[in-house]
Amino acid sequence: MSHEKFSDEFLNAFVDGELAPEEKSRVLLDMSQDEALNRRVCELKTLHDLVRTGYQNPPQSGSTPRATGDTRYRANIAAAVTLAFGILLGWLLREPVGLRTAAGPAPSQMPAPDTRTAGAAARAAPGDAAPARVLIHINDNNAVHLAQALDEVEALLAYYRAHRQNAVVEVVVNGAGLDLVRADVSAFPDRVEALLKEHRNLTIAACQNTIERLAREAGIAAQLLPGVTVIDSGVAQIMRRQQQGWAYIQV
Amino acid sequence: MDVLNIFSRQRESRKKLEQQRARLYRIAYAWTHNPALADDLAQEALAKALQKSGQLRDPAAFDAWLYSILANCYYDHFRRLRESEDIDDIVLAHDVTPEHESGAREIVHKVRAAIARLPGGQRQVVTLVDIEGFSYMEVAQILSIPIGTVMSRLCRARGALKQDLLRDLARPAAAPEVNLRRIK
């Protein structure tokens, strides 16, 4: 029973092409001389093919946005292009760098419709009254992350505005992320203020627990930037929002 | 013109994303066997991927990165449902009775029923390897488990599938059997 010297794990690795050429040829050589081993390998290969076959054409969900999204995309293209062209051109002339963030790498333009529906079982057509609800969670004070988070918020809000979509975006800061909204240490105080001023549908919420901890442990009374609201607990807020069906994004 | 380029790029990447969506959906369906849920998971994973696209350092690792997001969405889903049991303990029921189906469709249903009976962890590993052709190393990254666990889960999964499918397919005219499973 020479085939028993190969464990099942080893033969699986052989079938999945995970073995080094040397080990592979050892199995091949043994297979040519051992009927039982040959059968074991053959069974594993068959199973591999069966699983593949089983999911070649998975049933589509009745509400799959692939079909509706595509049709919608085509149907609205003329109107959307005309509308978006004007708005994008406005953006382009107003703030070239901003445009690159919002529309440059095309993917960053598109998260919005996906985000809008993420997690929600029902899919709403664009222009539906139900607003897109997105929560962005920031819990570190790495300047690169913070800049990235603000970029994301800006791009998201710009997208919704450009597409006239009803949306609410809430940024929850806790832990080290509180630094973003502390007047004395924030790396981007002007940007935060400007964003809040410009977008009524944006809330930036700071965690009361973090503020208290800062006072208790470091003796710092955190001064927050104007417009920043305070919530009891960042974590609790995230859980509440998720239960209400908000899309949750951690940056 | 710049703006036109933006549109054509947008269209291309939309197309690319739609392709990714189909792949993500396939795997999500293989994990959940629920078209609506699989659809939501694929959608959520794509949305997160787009939001986090800046975090992807190595473009070659895109696939593994994308599927790890899907895996997290899958875990989050169960967390949201407040299901505290281990994902490995979750057994999906399959409501298709293949008796009236014929030929290829019968095989497809049998395969799906057998996969649905696997514990969640094994189901994830075997579908990632067999359907998407990920290497063991990539699967380990996607599911954040050691490579040894990938190998042992795969081995157990194939062992169970062998019992379930090969024996079954060898005797296609077997008496109809009823599988009653507890749904958690």
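What you see below is based on every heavy atom in this structure, not just the backbone, and it leaves out hydrogens, waters and symmetry mates. Order of the sequence lines fixes the chain letters, A, B, ..., with proteins taken first and strands second; residue numbering starts at 1 for each chain.
Using a 4.5 Å cut-off between heavy atoms, A/E18 contacts chain B through its side chain alone, with no backbone atom that close. Only the backbone of A/N57 comes within contact range of chain B, with heavy atoms under 4.5 Å apart. For A/Q148, the part sitting under 4.5 Å from any heavy atom of chain B is the side chain, from C-beta outward, and nothing else.
With respect to the salt-bridge test (charged N to carboxylate O, under 4.0 angstrom), the residues A/R40 and A/D8 qualify.
Applying the 6.0 Å contact sphere to CD of A/Q244 captures more than 12 heavy atoms from other residues, nucleotides or ligands.
Taking the six-membered ring for Trp and thresholds of 30 and 60 degrees, B/F134 and B/Y67 have ring planes more than 60 degrees apart, a perpendicular arrangement.
Closest of all the heavy-atom pairs between B/L41 and B/A28 is CB-CB, 4.2 Å.
Interface check for chain A: of the options B/M151, B/E132, B/R26, the most heavy-atom pairs under 4.5 Å are formed by B/R26.
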